[in-house]
Amino acid sequence: MIPSIILTNKEQELGHLVVIVTKFSKLPAGIFNAAEKTYLKGQVETLKQDVVSFNRLSYWVYVYFIKDEKDRSKRLEESRKAGDKVAGFLNAQKAARVALFDPEGKSDEVLAFAEGMVLGSYQFLKYKKDREKENTLETIEIYTNMPEEAGEEETRITRLNILLDSVARCRDLINEPNSFLTATVFSKEVEKMAVESGAKSEVLNKQKLTALKMGGLLGVNLGSHEPPTFTVMEWHPAGAKNKKPIVLVGKGVVYDTGGMNLKPGDSMLNMKDDMSGAAAVAATLYAIAKARLPIYVVGLMPATDNRPGEKALVSGDIITMHNGMTVEVLNTDAEGRLILADALSYATQYDPSLVIDLATLTGASVRAIGKFGAVAMQAKAAKELETLKSSGYEVYERLVEFPMWDEYGEQVKSDLADLKNLGPPEAGMITAGKFLEQFTAYPYIHLDIAGPAFIEKRDAYRGQGGTGFGVRLLFDYIQKIAGTGV
Ligand code: BES
Ligand code: MN
Ligand code: ZN
């Protein structure tokens, strides 16, 4: 369980305390004795420590000095990282509760700090018998003596708890190995999330997918023992601000062996993460529905594993996609675009105002920008992508835009079929995006999250393993669209 954040109006008596201020002179009176003040002053002014701590026998006091940084994005990120660090100390001491005191009314930074604490306390322990290292933090109490906007603050905290729970669920789905998480189990987990959040869901089974002629998803599934699924989640509240929905599409390859073009050596190692896009879509819809945001949103999650079974696709095979286009499959490891293409084509029936897909699609995107952000591309959605990029800075899930130039599109045209699923060795993330664009006729944003979706080594509050990249980004964006960002 991750900790939850609550707003209180009273000081906590004799418990772990974090005081969050911008500078030494802003420290509230009555909390620190003279010796503590001298110590704090030395630590912050001479040693330039941003987190200072001392022990009062039965509890610890931490002071976080918010970074004097003009760039809001960086300032909030520093606060999240500091929150993660302090949560680490508290969990090591087996603390269950902590109070955050915000004497200056710096609620953005304080909530970012709390966010870092919560996400940094996330663990995936389902398969561990030894719970010795289980985190203990349960409650983060925030109090301030600036209560004017208390109602608004309450709403923000409620939403933040929903969002962070959604990120944790997204991470759980990613961290689950394929031995548990088949396409069918994935769809069942998503259905549970729909029921819990009040969203609608429907799972299209293999028979339905065959009737729908989803040749991409069925083709990738040919080498598997497990049937494919296509999960639809829908949140369509009365009083929605938009008539035409925003459709989110997520790549749900529950395991990518590469198929007949089997992945060599270590490159298969973390391929349970190849459903991170679908997990982010499910978790985002879950968050939006739970927070009852007044926006009409649909999530589409095609899912299968990619394996080299007896009937698997081989190089040169030609398949017919949901929209009737034919694709020459030159590399069975370029499977993501095949299942996404069917979903993008399927999205057309919703007459969407915008479709955003999230996919761990290419190693090329990781080579281009590493793991510090995601590759983004757009067609007919330049303004929408600008807004999404600004959400990216707000939540520190940053986006780098690449072009949709026609020349790259020429590189995925086939001599034998309408398209081929493999471009030249250069700019693989762009040719993949251009391939997908062929299946869209609406405003479209493509996010290649192959880099940031999963990290082997712990990186502050992003944790280790599935990061949940995309959930905080999309939730912030949808809140903006809904005009309910508070
Ligand atoms: N799932 C992989 C992409 C990937 C790579 C995700 C690294 C996460 C980390 C995708 O299906 C894939 O195999 N892509 C190939 C495409 C190539 C064959 C055109 C790649 O990037 O090597
Ligand atoms: Mn692949
Ligand atoms: Zn893949």
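These numbers come from a predicted model, not from an experiment. Just so you know, ligand 1 is whichever comes first in the structure, and atom 1 is the first atom listed for that ligand.
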Any donor-acceptor pair under 3.5 Å from Ser345 side chain to Ala341 backbone: no
Side-chain heavy-atom pair Phe439, Thr348 within 4.5 angstrom cut-off: no
Nearest neighbour of atom 14 (N) of ligand 1 from the list Thr360, Asp256, Asp448, Leu361, on a heavy-atom basis: Leu361
Asn331 to ligand 1, any heavy atom closer than 4.0 Å: yes
Contact (N/O only, under 3.5 Å) between Asp333 and ligand 1: yes
Nearest-neighbour protein heavy atom for atom 20 (C) of ligand 1, which is reported as residue plus atom name and distance: Gly363 N, 3.8 Å
Tyr393 vs Lys389, side-chain hydrogen bond (donor to acceptor under 3.5 Å, both in side chains): CA-CA, chis, key distance, verdict: CA-CA 7 Å; Tyr393 284 108; Lys389 280 184 203 167; over 6 Å; no
Vertex the Zn ion (ligand 3), rays to OD2 in Asp274 and OE2 in Glu335 - rounded to 10°: 100°
Ligand-side contact atoms (ligand 1) for residue partner Glu335, heavy atom cut-off under 4.0 Å: 11 (O)
Polar contact flag for Ala364 and ligand 1 (N/O pairs, less than 3.5 Å): no
Check: Asp342 side chain, Gly216 main-chain N or O, donor-acceptor pair, under 3.5 Å: yes
Protein contact of atom 9 (C) of ligand 1 - nearest heavy atom, named by residue and atom, plus distance: Met271 CE, 3.7 Å
NZ (Lys371) with more than 12 external heavy atoms under 6.0 Å: yes
Leu361 near the Zn ion (ligand 3) via N/O/S, less than 2.8 Å: no
N/O separation below 3.5 Å, Thr362 to ligand 1: no
Which of the ligand 1 atoms, numbered from 1, are nearer than 4.0 Å to a heavy atom of Lys251: 1 (N), 10 (C), 11 (O)
Parallel, tilted or perpendicular: ring planes of Phe124 versus Tyr127, cut at 30 and 60 degrees: tilted
2.8 Å cut-off met by an N, O or S atom of Asp333 to the Zn ion (ligand 3): no
Any donor-acceptor pair under 3.5 Å from Arg472 side chain to Phe469 backbone: no
Euclidean distance, Lys188 NZ relative to Leu181 CG, rounded to 0.5 Å: 12.0 Å
Protein heavy-atom partner closest to atom 19 (C) of ligand 1 - residue, atom, separation in Å: Leu422 CD1, 3.4 Å
For the Mn ion (ligand 2), the closest N/O/S atom belonging to Asp256: OD2
Heavy atoms from other residues, nucleotides or ligands near NZ of Lys290 exceed 12 (cutoff 6.0 Å): yes
Any Leu313 side-chain heavy atom under 4.5 Å of Met260 side chain: no
Sub-4.0 Å heavy-atom contact, Arg337 with ligand 1: yes
Mutual orientation of the aromatic rings belonging to Tyr408 and Trp405 [parallel < 30°, tilted 30-60°, perpendicular > 60°]: parallel
Metal-centred angle, the Mn ion (ligand 2) as apex - O of Asp333, OE1 of Glu335, 10° resolution: 70°
Of all N/O/S atoms in Asp256, the name of the one nearest the Zn ion (ligand 3): OD2
